[in-house]
2 protein chains.
Amino acid sequence: MERSPVRPSRPETDAAAPQRVLDALRRDIILGALRPGARVTEAALAATYGVSRIPVREALRALEAEGFVESKPYAGSTVAKIPLDDAEDLFAVRGVIEATIARRAALRAAAHFTGEAPSTEWWTARRALAAILDDGDRAVAADALADLPDLNIRFHLGVAELSGSASLAALLRQISGKIEWLYAADVDNRGKQSWGEHRLIIAAIDAGNADEADRLMAGHVGSSQRGYMERFAAPDGTGTGAVGATGTDAAARG
Amino acid sequence: MERSPVRPSRPETDAAAPQRVLDALRRDIILGALRPGARVTEAALAATYGVSRIPVREALRALEAEGFVESKPYAGSTVAKIPLDDAEDLFAVRGVIEATIARRAALRAAAHFTGEAPSTEWWTARRALAAILDDGDRAVAADALADLPDLNIRFHLGVAELSGSASLAALLRQISGKIEWLYAADVDNRGKQSWGEHRLIIAAIDAGNADEADRLMAGHVGSSQRGYMERFAAPDGTGTGAVGATGTDAAARG
DNA sequence: CGCTGTGTTATTGAATACAATCACCGCTAC
DNA sequence: GTAGCGGTGATTGTATTCAATAACACAGCG
């Protein structure tokens, strides 16, 4: 059957395609299936995921903005270098961002005690957080440690949504991707003892105790940082171990 | 009227087109030419800039990642709401990021005293910074205050490059865009007295004095924050003025 | 008179087609 | 033997075209 003369194809719109490719690619990079320096060509990815190059392009550009790939015009994209040197600084900044988020979430909860009605988005975020906490507890009980990294990210992003600050949530999203990348570079998770701290943080937020939420979250991130530093022990001498004035300030405050 | 059968056009590749559209759009949003809530359609922008919808798409997606526009599938893009409520938190986080950057830049300079040779990129960044400082001084002398906001951004991003931390530089880039947006929402610059502090910061960095660089940069951002807060004085009561434990901690440290 | 359902329109999403550039390889000259 | 150089292939960048969805207006009905 001949086709109509000016219709060489039939574009099938699938608005979720770029998101799928983006998530899959980012997971592959963070988990190490794609090593730093590896070339990622649009055509290959398009064939892999069964879509055209256009959605693949979108995903690659998003990953470039997130810092996971590097692109040069007409020269293609490669997986970026893992920011190992930035580890301590990233933890320090993350500590401040997360503590600020926790504080703000608690202030928002406190406002609910003084008569202000919780918004719909707040309830949605709070319910999602409860589900995440339950899932994490189940995973800990079943020793399904492989599920914890993903749940951990979702917990922290959930708190960010609870805080209502889109700007801080965006910053956290950007930085936590990098940190998960650091972790997955050698080990896949930092054990389950830190999961228990999550309920304490949520309790402080629910109670509207801003100082306590700030302090607990800072300590939570700080112990995470210490666990990382003990494991990888800064083989290079770029001042690590002495740079900690800001870092420990943020992590050990309170 | 039939057209030539298989050649309806001739794509002219211009790899810089998305960047041009991105920069122009972001400037229009930050400077207020495009108000929050305004609809931005791909076709209109394509006509405006004389390119196809594809580069416009790329620019819009990048702006979405940066938080300046919001998009819904098949529904179009609108300019996002100015994050006024996040102002204090954004300043707090920016203070920590910038102080960390200054500290790291100073540590890098200190390494040069102990025998490590400066890299080519370091020299390039240092030279660019010197030029920016001179340009700013000239602008201050000529009372060309309109040039200061742009020079200010370039100064801070230049220090980020000097620090050598691509991750922190990316975070700063994201957050400083938001802060400039806040400023430009009502006033265009915060005067010229703060420009003089820049040379002091660079002097501390060049001397390799990490604590001093950290302290000066934190104070610099802190006074910027205080200037903003005095001007806009939180008309809404979202806890502003009491949220400052983290904020003032980062801003007034030292 | 208000509301709902439907048709229309405008706008985005994706697939294909073509142009421009870069990287690599072999070749030639010294 | 090595450095410089041109050709060739591969890959990205953009323009056009068609499909699908959302927003909107209007007519019909309660």
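We use all heavy atoms of the structure for the numbers below, so side chains are in, but hydrogens, waters and symmetry mates are not. Reminder, nothing fancy here: chain letters follow the sequence lines and each chain counts from 1.
Between D:dA23 and B:Lys72, a contact under 4.0 Å exists linking OP1 or OP2 to a side-chain N or O.
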List the steps and the verdict of side-chain hydrogen bond (donor to acceptor under 3.5 Å, both in side chains) for B:Ser165 and A:Asp86. CA-CA 6 Å; B:Ser165 169; A:Asp86 301 346; 3.2 Å; yes
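Side-chain proximity of B:Glu42 to the nucleotides C:dT12, C:dA14, D:dA15 is greatest for C:dT12. Counting only heavy atoms from C-beta on, A:Tyr74 has its side chain closest to D:dT12 among D:dT14, D:dT12, C:dT12.
DNA chain C is contacted by both A:Arg39 and A:Ala17; A:Ala17 maps to the nucleotide lying nearer its 5′ end (nearest heavy atom per residue).
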Enumerate, atom names and distances included, each donor-acceptor pair closer than 3.5 Å involving a side-chain atom of residues 24-34 of chain A, sequence neighbours excluded.
unit_1  : atom_1 : unit_2  : atom_2 : d
A:Arg26 : NH1    : A:Glu66 : OE1    : 2.6
A:Arg26 : NH1    : A:Glu66 : OE2    : 2.7
A:Arg26 : NH2    : A:Asp23 : OD1    : 3.0

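In this entry the distance linking CZ of B:Arg20 with P of D:dT14 reads 9 Å, nearest Å.
B:Glu161 is linked by a side chain to side chain donor-acceptor pair (under 3.5 Å) to nothing, counting only residues two or more places apart in sequence or in another chain. By the side chain to side chain donor-acceptor pair (under 3.5 Å) test, B:Ser176 is found to be paired with no residue, residues two or more places apart in sequence or in another chain being considered. With sequence neighbours left out, the side chain to side chain donor-acceptor pair (under 3.5 Å) criterion links B:Ser163 to no other residue.
Within residues 52-65 of chain A, the residues having any heavy atom under 4.0 Å from DNA chain C are, by residue number, A:Ser52, A:Ile54, A:Pro55.
Residues in residues 44-54 of chain B take part in these side chain to side chain donor-acceptor pair (under 3.5 Å) pairs, two or more places apart or across chains: B:Glu42-B:Arg53.
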